[in-house]
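This structure is a prediction, so every number in the text was calculated from the model and none was measured. Chain letters run A, B, ... following the sequence lines, proteins first and then strands; every chain starts at 1.
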There are 4 protein chains.
Amino acid sequence: MAVPIVAAGQAPPEPARVGAKRGRPRRADADDAILTAALELLAEAGVAGLSMDVLAQRAGVGKATIYRRWVSKEALILDALRTTNAPIPAPDEGNVRADLITYTDAVVERFGADRASDVLPHLIEASCYDDQLRSSLDDYLRGRQATIRLILQRGIDRGELGADTDVDLVVDLILGPFFYRHLLTGAPVDRDFAHRLVDVALR
Amino acid sequence: MAVPIVAAGQAPPEPARVGAKRGRPRRADADDAILTAALELLAEAGVAGLSMDVLAQRAGVGKATIYRRWVSKEALILDALRTTNAPIPAPDEGNVRADLITYTDAVVERFGADRASDVLPHLIEASCYDDQLRSSLDDYLRGRQATIRLILQRGIDRGELGADTDVDLVVDLILGPFFYRHLLTGAPVDRDFAHRLVDVALR
Amino acid sequence: MAVPIVAAGQAPPEPARVGAKRGRPRRADADDAILTAALELLAEAGVAGLSMDVLAQRAGVGKATIYRRWVSKEALILDALRTTNAPIPAPDEGNVRADLITYTDAVVERFGADRASDVLPHLIEASCYDDQLRSSLDDYLRGRQATIRLILQRGIDRGELGADTDVDLVVDLILGPFFYRHLLTGAPVDRDFAHRLVDVALR
Amino acid sequence: MAVPIVAAGQAPPEPARVGAKRGRPRRADADDAILTAALELLAEAGVAGLSMDVLAQRAGVGKATIYRRWVSKEALILDALRTTNAPIPAPDEGNVRADLITYTDAVVERFGADRASDVLPHLIEASCYDDQLRSSLDDYLRGRQATIRLILQRGIDRGELGADTDVDLVVDLILGPFFYRHLLTGAPVDRDFAHRLVDVALR
DNA sequence: GATTAACCGAGACGGTACGTCACGTCTTTAA
DNA sequence: TTAAAGACGTGACGTACCGTCTCGGTTAATC
């Protein structure tokens, strides 16, 4: 996931294909070691407990090796997030509403487990100071919409939803309130809440 | 806004009115001086530029004086936010949809002006590590729902909306997507978007 | 020995006598704690083993406290050197030659004990990059000539030496070869060598 | 000057002439390229500016190539010093005093030009941690006595000086005070000072 | 009027993390 | 085998904050 010089999540920009690569290649397993250690530390003590010194030591790696692979601590954290947070697979029960319910139930469950995770809040804040991170994070978060978009698109293809369905809006109507409650007001996020959102969005 | 010892936003719990106070009373103008300096620094360099040392110097105040009035840097920032971000007044045009449109237009405008404010993200993150702050922030953010709740309640009272209207849900449907776009995906937040949200919420 | 802001060894320049001192005063015992820890570390592992992190920890002090009292690691080391290396007292046997012999014997002994001390070499190098240190070190080293100068002056006062005696030259003739052998050529520095130097210098 | 594996200044121990050479031969011009680059960097920024990474890049050479030819950075620096600092040729005017004056005048001039060179101090310090370097440096510095020893020997051979002249002592008496002033006290080193040293040494 | 107690500005305190740099070694591909 | 390139683990650097503590000095209410 880590890339030569660019920010996290950016595709490696053809690393000077011509001359091929000279010099000692990067340790192949270092990325994994670092990300694994990062996830451990995040689980143990949250973002606040993830200091670069400790991370390097835990991963058995020099700090420079980390900074060679990620432009910043936050780019690394974002990649760690990507690693853990496997996308929720799209159910396909032939019915948009059923699919969305299944999907949102999974989201609710994950939010519950994710309880008090400070990773996303940290990245949101950090992205205020770092444009590269901002766009990486936006990419990541828009990517997380893929499942729900797929469900909707299938519905449109099946004729279950009108061709003029505002997919963007439906996505925001379902995910927006989720995050709003989870990150901002602290109001409960449960299945009932999710179902009502789906009902409204499909109304 | 600042209180003797409790967290930001908590009502001062009757400061032991009984025994009255001995000793030198607190400087009356210090709260203002501190909040003003804080707002200046936030405007100049964001949360990252608001160090307690600089703040104390700017406000012409000792650091201890700040910590005597707010439990933490973040409690202070939250109060500063409260100070700037005056609540948007509830329009009253006798029509729920019109009122919501007027209101959301104001929100859109403020979000635009708020461009790249890192204050809210910072507080969200900090609240992950500080329960007192967490609840203060939740209070504040729920308080920001007052306007929209008032509009809806008036509609219900007028019979324009059914008595069984799920106010909580409508609030989340309107505000959730706003913050989701603003803080997370970075998608544009404009009047058109707001109007569609209102339409769906009232549908 | 440490001084508010100026380099090591500089006399504290009347610390703004007017306004007296405001703010919390510096910990009185910190200087000692730091210098003692520094001397321990120097004894254990030489200059190379004296890292600021370890020193701070050993002295039970924050790094900032050290940097508040000494402008640089080297200024601190110089003060540590001053602390250990008490001046050799001037003998007074009523005879210049006898006094010088006694004195140089003491120097020889100290050089022997000083075996492999890397402190002075380190300071000499560091002083190439730091003018303030350079002049502090010069002061210190010229101060170390005091004993020998006193012996000679007494001789002049007694009429044992001519009033036109070139004291500077005699000092350099005795100390120069000492350091030259000790630091540069590694040739042995013993009493016999010292005696011959004294004989030549007084010839 | 560089040698296969041994310390700087050691004679190359017959580089396994027998089996001839297998594999890629060493670049013949690398030594020169490295030393030249080293001298440039020393001139530009002193020892502190001579990092091995920069040096390798400047010389168009891999770091391993440098370490294959010199055991350490300091061994390389010593060789660089040897390269620049050509020995001062021995004058031969048939008179010891005149020869010494001519010689010391040249030394004074070089010291003046050498102003603030940090090379020698650096090597002196480094030699505290590295025995091999220590003896190489001692060799080098004793080698620098050759000129003055030659002048004295000629004087002895001519009968101008007694056969019992303590050559070692005379050398130390002349060079010791030079270095003492130059490296330690920072006192001026001029022709007058040198002449007085010669007078005393020959008295 | 004296005492007491909480406040005040200033700034030093012990900690902790940061990101950079240089070291000397190791690992590639190419000659 | 040696070359150039450059990644590697290590560890020190000096800075910047944090939130607390300690000064000498006010400023009331209480005694």
Side-chain angles (χ1 to χ4, degrees), chain A residues 4 19-28 30 48-57 59-69 71-73, chain B residues 4 19-27 30 48 50-57 59-73, chain C residues 4 19-28 30 48-57 59-69 71-73, chain D residues 19 21-27 30 48 50-57 59-73:
Chain A
K21 58 275 187 138
R22 296 207 294 174
R24 177 174 175 172
R26 296 214 174 141
R27 248 184 66 184
L50 188 102
S51 83
M52 297 307 265
D53 292 77
V54 171
L55 174 60
Q57 198 157 20
V61 139
K63 271 203 287 182
T65 297
I66 303 179
Y67 282 103
R68 214 175 282 120
R69 289 160 191 247
V71 265
S72 68
K73 180 177 171 174
Chain B
K21 57 270 181 161
R22 294 222 297 167
R24 175 174 176 173
R26 291 201 178 156
R27 246 185 68 184
L50 188 100
S51 84
M52 296 306 267
D53 292 78
V54 171
L55 173 61
Q57 195 156 23
V61 138
K63 275 204 286 177
T65 298
I66 303 179
Y67 281 102
R68 214 174 282 121
R69 290 158 192 248
W70 286 273
V71 267
S72 69
K73 179 178 172 177
Chain C
K21 58 275 188 138
R22 297 205 293 175
R24 176 175 176 170
R26 295 211 177 146
R27 248 184 67 182
L50 189 108
S51 83
M52 296 307 266
D53 291 79
V54 172
L55 174 60
Q57 199 156 20
V61 139
K63 271 203 288 182
T65 297
I66 303 179
Y67 281 105
R68 215 175 280 120
R69 289 158 191 249
V71 266
S72 68
K73 181 177 171 175
Chain D
K21 58 274 180 157
R22 296 213 298 165
R24 178 171 174 172
R26 285 198 180 169
R27 251 184 63 185
L50 189 101
S51 82
M52 297 305 267
D53 292 78
V54 171
L55 173 61
Q57 196 157 23
V61 139
K63 277 206 285 179
T65 299
I66 303 178
Y67 282 102
R68 213 173 283 120
R69 290 158 194 246
W70 286 274
V71 266
S72 68
K73 180 178 171 176

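- Atom CD1 of D:Ile66 is separated from atom P of E:dT25 by 12 Å (rounded to the nearest Å).
- Listed by chain and number, the residues in a side chain to side chain donor-acceptor pair (under 3.5 Å) with C:Arg24 amount to none (sequence neighbours excluded).
- Residues B:Thr65 and B:Arg68 have side chains in contact (heavy-atom distance under 4.5 Å, counting atoms from C-beta outward).
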Take nucleotides 14-22 of chain E nucleotide by nucleotide from the 5' end and write B, S or -, depending on whether a protein heavy atom sits under 4.0 Å from the base, only from the sugar-phosphate, or from neither. B--SSBB-S
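- Side-chain N/O atoms of A:Arg24 and base N/O atoms of E:dC26 include a donor-acceptor pair closer than 3.5 Å.
- Note: A:Tyr67 OH to A:Ser72 OG = 8.0 Å, rounded to the nearest 0.5 Å.
- Dashed line: the shortest gap from a side-chain N or O of A:Arg22 to OP1 or OP2 of F:dA5 is under 4.0 Å.
- C:Leu55 has its side chain out of reach of C:Lys73: every pair of non-hydrogen atoms, C-beta onward, lies at least 4.5 Å apart.
- Taking D:Lys63 as the reference, D:Asp53 meet the salt bridge (charged side-chain N to carboxylate O under 4.0 Å, His left out) condition, with sequence neighbours excluded.
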